[in-house]
Protein chains: 2
Amino acid sequence: MKRDGKLLIALHILAHLAVAPVRPLTSAALAVCLCTNPVVIRRALAGLREAGIVTSAKGHGGGWTVARPPATISLREVYVALGERIDLAPVRGSAGSGCLIEATVARALDGFSAEAEALLLRRLDTISLADLAAGFHQRLIEQTGSSHVMSAPAE
Amino acid sequence: MKRDGKLLIALHILAHLAVAPVRPLTSAALAVCLCTNPVVIRRALAGLREAGIVTSAKGHGGGWTVARPPATISLREVYVALGERIDLAPVRGSAGSGCLIEATVARALDGFSAEAEALLLRRLDTISLADLAAGFHQRLIEQTGSSHVMSAPAE
DNA sequence: CTTTCATGTAACTATCATTGTTACATGAAA
DNA sequence: TTTCATGTAACAATGATAGTTACATGAAAG
């Protein structure tokens, strides 16, 4: 089961950086880990660098490092930095159909999307990059009282 | 702002069907409403027909009708019938990278996705097609105590 | 029974986003 | 000065979705 998604890729890289030795990891080395291309790594990390989550250095001994202690970086921060969204009714063009029914449905779906995303953000906020690198099961059990994240929370 | 998404399209169609007169609506007529093609309409409704949400009839006077009273059809049912998913770490191939870190991250993201989707399903369950067709603001106010669905719920 | 209407479906094209690749410029350390 | 590694642009490859055309199927109207 090969997997995808910007967030998965970014967190995968960050987890490698978090457990890495002092030396920075190069895009080429990370590309091997992720079975992909160095340019893909750089593209994935560009936004995270602007957000102050990772730093990069050129030349000999250069590469990528986490900009702060992994315990101070939440998954929420990464999610936001990537610009990910839950959106059940995404905007597609600037045309505007003008249909009132469509607008009504879209507004409702936007609301539900926002609610679902708010919950997601709260969950992501409880997990740090350090938790992720450590396996983070303890943290999950603390938070939800269950090792199964699948269980629906009491809202 | 032209909008997209299977769920939006399906609900838009269903709302038109819910407010339609007794006569079935043809794919061609619906295509005009949605600024699209009759075949797109048929494709969008095929899954809903199998799920028993709409029925179709051929020939003269044929077209699409809701299979049950709109008040008995929840948005959740539509969402499920369409096979929509919130998935932060979708499966892409059968290769399997074998990286333990990736698997750990993916499992966590799956859990969060499932939680967010569970919340979404609970919300969709409270809205019926009839609510949608009527404007459904009253129903929303009843449920959440606010006319702004954007507000984060007390979990 | 033939015509007309409308769905059902396959096949193909177009469009768009993502990914992979190549190439080259920039900057830092050896 | 050479080598390493990022930064970025440009382009091809891939995959998903949407749009289109064409034709078969079935039902009602005449």
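In what follows, chains carry the letters A, B, and so on, assigned in the order in which the sequence lines appear, proteins first and then strands, with residues in each chain numbered from 1.
Using a 4.0 Å heavy-atom criterion, one finds that A:Ala46 contacts no nucleic acid atom at all. The residue A:Gly63 sits close only to the backbone: its heavy atoms come under 4.0 Å of sugar-phosphate atoms, none of a base.
B:Glu77 and B:Ala51 make their closest contact through OE2-O, 4.5 Å (heavy atoms, listed as atom of the first residue, atom of the second, distance).
Under 4.0 angstrom from either OP1 or OP2 of D:dC4 there lies no side-chain N or O belonging to A:Thr26. A sub-4.0 Å separation between OP1 or OP2 of D:dG7 and a side-chain N or O of A:Arg42 is absent. Applying the 4.0 Å criterion to OP1 and OP2 of C:dT7, one finds that B:Ser27 has a side-chain N or O inside that range. For A:Ser56, no side-chain nitrogen or oxygen approaches OP1 or OP2 of D:dT6 to under 4.0 Å.
Distance CD1 (B:Ile13) to P (D:dA18): 11 Å, rounded to an integer number of Å. A straight line from CG of B:Leu7 to C1' of D:dT17 spans 16 Å, rounded to a whole angstrom. Regarding B:Leu30, its CG atom lies at a distance of 13 Å from the P atom of C:dG8, rounded to whole Å. Separating the CG atom of B:Leu45 from the P atom of C:dG8 is a distance of 9 Å, rounded to the nearest angstrom. Rounded to whole Å, the distance from CZ on B:Arg49 to P on C:dA6 is 17 Å. One interatomic measurement links the two molecules: CG of A:Asn37 to P of D:dG7, which rounds to 15 Å at whole-angstrom precision. Nucleotide C:dT7 holds its C1' atom 14 Å from the CG atom of B:Leu17, rounded to whole Å. In this structure, the CD1 atom of B:Ile9 is 14 Å from the C1' atom of D:dA16, given to the nearest Å.
Along DNA chain C, the nucleotide closest to B:His60 and the one closest to B:Trp64 are compared, and the more 5′ of them pairs with B:His60. The nearest heavy atom of DNA chain D to A:Lys58 and to A:Arg43 marks one nucleotide each, and the one closer to the 5' end goes with A:Lys58.
With respect to B:Tyr79, the side-chain hydrogen bond (donor to acceptor under 3.5 Å, both in side chains) criterion is satisfied by exactly one of B:Glu84, B:Arg85, B:Lys6, B:Glu117: B:Glu117.
Searching all strands for a Watson-Crick or G-U wobble partner of C:dA28 with both distances below 3.5 Å returns D:dT3. In this structure, D:dG30 and C:dC1 make a Watson-Crick or G-U wobble pair, each of the two defining distances being under 3.5 angstrom. D:dA9: Watson-Crick or G-U partner is C:dT22, with both key distances under 3.5 Å.
Taking CG of A:Leu120 as the start and CG of B:Leu120 as the end, the distance is 12.0 Å to the nearest 0.5 Å.
Using modelled atom types, one finds no donor on one side chain facing an acceptor on the other under 3.5 Å when comparing B:Asp110 with B:Ser113.
In this structure, the side chains of A:Thr72 and A:Leu129 stay at 4.5 Å or more apart for every pair of heavy atoms.
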